[in-house]
Number of protein chains: 2
Amino acid sequence: MKMSELLQRSGVPLATVKYYLREGLLAPGESTGATTAIYGEEHVRRLALIRALTEVVGLPLASVRTILGLIDEPEPDRFRTLGRAIEVLPPAVEADPGADYPRARAALAEIGQLYDPGYAAVAQLERGLAAAESVGMPMGTERLHGYARHVMAIAEIDLAQLPGDDTSRAVEYSVLGTAVYEPILAAMRRLAHQDLAHRMLGPAAGERD
Amino acid sequence: MKMSELLQRSGVPLATVKYYLREGLLAPGESTGATTAIYGEEHVRRLALIRALTEVVGLPLASVRTILGLIDEPEPDRFRTLGRAIEVLPPAVEADPGADYPRARAALAEIGQLYDPGYAAVAQLERGLAAAESVGMPMGTERLHGYARHVMAIAEIDLAQLPGDDTSRAVEYSVLGTAVYEPILAAMRRLAHQDLAHRMLGPAAGERD
DNA sequence: CCCGATTGGATAGTTGTACTATCTAAGGTA
DNA sequence: TACCTTAGATAGTACAACTATCCAATCGGG
């Protein structure tokens with residue numbers, strides 16, 4: 001397809017597509033002359049991916065670039081690839097293997113999970129727990145155990161669908177599954193709150209207070 | 001305490017505190033003369049809250065302002081208050097009561113939950129589902145049901161701790177609980193993935209691939 | 001009570017991100 | 001052939017979140 005069709009299919013403005021091309025987020029089309037190039041489905045898909053990561057997940061373009069790079073050329077170690085991808089997901093915190101994350105360490109010990117200070121999610125957990133604390137809502141043991149049990153069940157659902165054979169696809173699935181399903185889970189939790197509140201407080205609860 | 005102590009306690013630079021004061025995010029201290037004012041614990045707490053919302057949750061200051069306003073002066077309807085707070089949480093999507101959200105509607109019907117197009121989380125769910133689809137990873141029915149069950153259990157844990165008597169505190173708890181625990185849940189899910197992958201693929205899995 | 005440090009209040013400047021617009025020249029197209 | 005589209009380059013914009021400076025009025029230790 002030509003540029004005009006790509007614009008229409010993707011819904012992204014011309015100036016923005018050109019910007020993404022300049023920035024190397026989008027591969028150039030196959031040139032068929034000095035003023036034309038043809039684009040394929042992969043360009044439409046890539047644009048959808050960029051927009052999803054920026055608009056839905058809320059990533060800055062620099063992080064999008066990192067993730068696209070990991071999908072296009074994953075590192076040989078699948079764990080490290082996913083770890084690096086997670087590092088740029090919000091809340092972006094760099095993991096320092098030498099640092100100590102006391103809250104995260106205690107929490108993980110409590111629920112019997114691996115503590116690896118080199119993994120970005122550990123730093124993220126530490127930061128989240130510290131933030132909850134500093135705001136006057138520290139996470140209690142009961143809540144921690146409850147969360148852990150159900151989060152583990154959710155993770156099992158995720159892992160069950162991971163394509164086991166093809167590394168590149170598995171990386172894409174892992175990265176996107178982490179990034180794309182997170183907002184969905186968040187929305188579902190918010191809706192569950194509303195649903196529960198309605199049930200617990202009765203149908204007129206929306207009008208009360 | 002005086003300004004210098006507030007700076008030291010909060011760790012926020014002077015220029016930034018002044019900026020927050022100008023922007024009305026932080027209440028001025030009690031003036032004791034033309035060049036001095038005294039600040040209290042509530043100022044320290046407020047600064048921690050602002051930093052948590054910006055740095056951990058990743059909110060723009062405009063959204064922080066909305067949330068602070070809702071905590072300081074909640075609307076009489078607790079549901080609407082929480083709804084308005086959720087509207088500014090990422091992924092920020094405005095709910096349009098007149099619009100139709102087909103994917104969210106279908107998903108909620110599937111799991112037997114209330115569908116209210118005026119609630120921001122419905123628009124957020126729609127957007128998340130559409131993004132997953134456009135990226136080639138549509139959410140399947142099994143995954144939806146699995147997620148729903150465990151998310152509902154998590155929401156029950158949340159609701160169980162909600163202070164029932166004081167509306168203002170309940171609003172603060174609801175808003176902060178939604179915003180502050182979300183990153184923690186996200187981090188826990190990421191860690192659960194790692195933990196599961198290690199168990200399933202064996203201890204040497206980190207080195208494989 | 002004096003002098004350097006601190007503060008409040010105002011204003012201007014900086015940095016970074018993500019575009020958006022314009023221009024030119026060369027094709028392509030009806 | 002006349003107009004439309006495109007590639008490629010460059011410049012400009014808009015906004016957010018600070019950051020820095022300046023001034024004048026204290027405040028507080030010696």
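Letters A, B, ... are given to chains in the order of the sequence lines, protein chains preceding strands, and every chain is numbered from 1.
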Given atom CD1 of B:Ile38 and atom P of C:dT7, what is their separation to the nearest angstrom?
14 Å

Starting at OH of B:Tyr19 and ending at P of C:dT14, how long is that distance when rounded to a whole Å?
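Nearest whole value for this atom pair: 17 Å.
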
Name the residue closer to the 5' end of DNA chain D, choosing between B:Pro13 and A:Leu14 according to the nucleotide with the nearest heavy atom.
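This one resolves to A:Leu14.
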
Run the salt bridge (Lys or Arg N to Asp or Glu O under 4.0 Å) test on A:Glu87 and B:Arg190 for me, step by step, so that the C-alpha distance in whole Å, both residues' side-chain angles and the decisive distance to 0.1 Å come before the verdict.
CA-CA 11 Å; A:Glu87 219 151 356; B:Arg190 296 171 190 181; over 6 Å; no

Heavy-atom contact window of chain A on DNA chain D, given 5' to 3' at under 4.0 Å:
D:dT6 to D:dT10

Please give me the minimum heavy-atom distance between A:Asp100 and A:Arg105, naming the atom from each residue.
OD2-NH2, 2.8 Å

Smallest heavy-atom separation, B:Ala187 atom then A:Ala121 atom, equals CB-O, 3.9 Å

Under a 4.5 Å cut-off applied to non-hydrogen side-chain atoms, are B:Gln113 and A:Gln194 in contact?
no

Scan residues 39-65 of chain B against DNA chain C and write down, sorted by residue number, each residue with any heavy atom closer than 4.0 Å; if none is found, say none.
B:Tyr39

Measuring from B:Asp158:CG to A:Arg143:CZ, what's the distance to the nearest 0.5 Å?
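Nearest 0.5 Å value for the CG-CZ distance: 4.5 Å.
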
Would you confirm whether [X], through its side chain, and [Y], through its main-chain N or O, come within 3.5 Å as a donor-acceptor pair?
| X | Y | value |
| --- | --- | --- |
| A:His198 | A:Asp195 | no |
| B:Glu30 | B:Ile38 | no |
| B:His43 | B:Ala27 | yes |

Base, sugar-phosphate alone, or nothing: which one does A:Lys18 contact when heavy atoms must sit under 4.0 Å apart?
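Base contact - A:Lys18 has a heavy atom under 4.0 Å of at least one base atom.
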
Once you apply a heavy-atom cut-off of 4.0 Å, does B:Ala34 come out as touching a base, just sugar-phosphate, or nothing?
sugar-phosphate

Is a salt bridge present between A:Arg84 and A:Asp77, judged by a nitrogen-to-oxygen distance below 4.0 Å?
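Here A:Arg84 does not pair with A:Asp77 in a salt bridge, since their nearest N and O are not under 4.0 Å apart.
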
Could you check A:Arg22 against A:Thr32 and say which one's nearest nucleotide on DNA chain C is further toward the 5' end?
A:Arg22

Look at the side-chain N and O atoms of B:Ser4 and state whether any lies under 4.0 Å from the OP1 or OP2 oxygen of C:dT7.
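Looking at the OP1 and OP2 atoms of C:dT7, one of them is under 4.0 Å from a side-chain N or O of B:Ser4.
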
Of the listed C:dT29, C:dC19, C:dA21, the closest approach to the A:Lys2 side chain comes from C:dT29

